[in-house]
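Structure first, then comments.
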Amino acid sequence: MELSDQRGPGWEPGPNGLSFSTSMPRELVHRRAISEVFITDMADAGGSRVLVGAQWPRWHVFYGAGPAGVDSALMAETLRQAVIVFAHRRGVPLTHQFLMPHMAISLAAAELDPRSPAEIVLELDLLRFSGPPVNPTGLLMAARFLSAGKELGRGEASARILGAAAYDRYRAQRPTESDAGSSVPLDPLQVGHESIRNVVLAAGARPLSWALRVDQAHPIFFDHPLDHVPGMLLVEAARQALRVASGIPHADFASFNAEFRSLVELAHAVEVSASLEGNGTESGSAGVRISRGGRVLMSLTGALKVRT
C-alpha cells in the first residue's frame, strides 16, 4: 500500500516503527488546535493494513481516561482522526470534506497507567474502498487499539469523501432560517462532566427525551467552523442520554454502533430520546435516537459500562 511520508520534524521511530515524539500536522486530522491532534505517526504494515501511532493525555478538559478504563469518546475521536489521516496519505486533497455514515466501538476490560500519557497503536485495516485507489471517494476501515501490547478495544468506521464542488452542491439546500431556540442545559454532574460547556442536552418535553444543545463555540466539537452538527457531538449526546436514563453520571458505552442517516442542521431543533434495558449494571443496554419531526437522523445502540 503506497502512503506518502508526511512525518514532521523530530520524528523518532519506536520498536514498532512508529514515533510518539510529535503530533502529525493538524491539517491531516482536520483540527486547528494542536492540542487536539492525537495521531503521531502512520506506517505501512503490508497488504491492506497500516499501523497508526497515537498519544492519549493523562487528563483532558473533555475526555476522561484513567484507572477506570478507556473513554469510548476518546477512542471514537482517535479512530476518526486515523481514518482521515489514512485518506489524505492515500492522495485525498486537504480541501475535501468527510462525512461519517457509520461508526462502531467496543472496549476491552483494560486499564491505562495514569502516571504517564498512553502510547496507542492502532492496527488499521482497509476493508473496502470506492473510487480510484489514489484519492478514494469512500472508505470502510476496522481498527484494533493496543497499548504496550495489550488490547484496549476495537472499532469500525466508514467515510464518504466529497470534493469542494461536490460538497457545495450537496449542501446547497441547507436551511437558513433557525428554529433552534435557546435552551437551559442539564446539570453537568448529571451527565458526568464538571463544566457546563460540555453539556449537550437540555430539558425535553417528554420522559427520556431531551433537546440537543449545540454550542458552536465549544473548543472540542467546533475546533473550527462547521455548517452542521459534528458526529462526535451526536455520539456524546447519546452517551449523556445513557447517563441520565440510567441515573449513573459516569456510565459509558462498553460498545456502541452508530448510524448517521442524515446531517443534523445547526438551524434545527432536534430531539434526543433514549430507551434503556437492564438495571443500570454491566448487562444493561441502551438505544438512542436523534430525530426531528419523527425523522430519525442518527441512531445508536450500545451496551452499558459502569465506570468507577
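All heavy atoms count here, side chains included; hydrogens, waters and symmetry mates do not. For reference, positions follow the sequence shown, starting with 1.
A donor-acceptor pair shorter than 3.5 Å can be found between the side chains of His30 and His88. A side-chain donor-acceptor contact under 3.5 Å links Glu156 and His102. A donor-acceptor pair shorter than 3.5 Å can be found between the side chains of Ser72 and Asp252. Checked by atom type, the side-chain pair Arg261/Ser299 shows a donor-acceptor distance below 3.5 Å.
A distance of 8.5 Å separates OG1 of Thr137 from CG of Leu162, quoted to the nearest 0.5 Å.
Considering every non-hydrogen atom in both Ala237 and Val200, the closest pair reads CA-CG2, 3.5 Å. When all heavy atoms of Ile34 and Arg26 are compared, the closest pair comes out as CG1-CD, 4.2 Å.
Looking at Asn257, its side chain never comes within 3.5 Å of a backbone N or O of Thr301 through a donor-acceptor pair. For the pair Arg89 (side chain) and Met42 (backbone), a donor-acceptor distance under 3.5 Å is present. Arg213 places no side-chain N or O within 3.5 Å of a backbone atom of Leu201 that could act as its donor or acceptor partner. No side-chain donor-acceptor contact under 3.5 Å links Arg289 to the backbone of Ser273. A donor-acceptor pair under 3.5 Å is formed between the side chain of Thr40 and the backbone N or O of Gly53. No donor-acceptor distance shorter than 3.5 angstrom exists from the side chain of Glu27 to the backbone of Leu94, with no hydrogens or angles considered. Using a distance-only test at 3.5 Å, with no hydrogens or angles considered, no donor-acceptor pair links the side chain of Arg154 to the main chain of Phe145.
Residues Pro188 and Glu194 form no side-chain contact, since every pair of their non-hydrogen atoms from C-beta on lies 4.5 Å or further apart. Two residues are said to be in side-chain contact when any heavy atoms from C-beta on lie closer than 4.5 Å; Met100 and Ser158 fail this criterion. The side-chain heavy atoms of Glu36 and Tyr63, taken from C-beta on, include a pair separated by under 4.5 Å. For the pair Phe260/Val235, a side-chain contact is recorded, criterion being any heavy-atom separation below 4.5 Å from C-beta on. A 4.5 Å side-chain heavy-atom check between Met103 and Leu79 finds at least one atom pair inside the cut-off. Within the 4.5 Å cutoff, no side-chain heavy atoms of Gln240 are placed close to those of Trp210. Annotation: side chain of Ser147 is not in contact with side chain of Glu119 (no heavy-atom distance under 4.5 Å). Side-chain contact between Leu99 and Tyr170: present, with at least one pair of heavy atoms (C-beta onward) separated by less than 4.5 Å.
Residues Phe62 and His193 place their aromatic rings such that the two centres sit under 6.0 Å apart.
When each of Arg292, Arg295, Arg171 is tested with Glu265 by the rule salt bridge (Lys or Arg N to Asp or Glu O under 4.0 Å), just one qualifies, namely Arg171.
Look at Asp125 and Arg49 and you find a salt bridge, because one of the NZ, NE, NH1 or NH2 atoms lies within 4.0 Å of a carboxylate O, short of that distance.
Enclosure of atom CZ in Arg128 is not indicated, since only 12 or fewer non-hydrogen atoms of other residues, nucleotides or ligands lie within 6.0 angstrom.
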Please step through salt bridge (Lys or Arg N to Asp or Glu O under 4.0 Å) for the pair Arg58 and Asp113, ending with a clear verdict. CA-CA 9 Å; Arg58 298 169 65 185; Asp113 186 346; over 6 Å; no
Passes salt bridge (Lys or Arg N to Asp or Glu O under 4.0 Å), Glu77 versus Arg31? Steps please. CA-CA 11 Å; Glu77 171 61 17; Arg31 286 294 192 185; 3.2 Å; yes
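A cation-pi contact, defined as under 6.0 Å to the ring centre and within 45° of the axis, is absent between Arg197 and Phe221.
There is no path of hydrophobic side-chain contacts, each under 4.5 Å, that joins Val92 to Val134.
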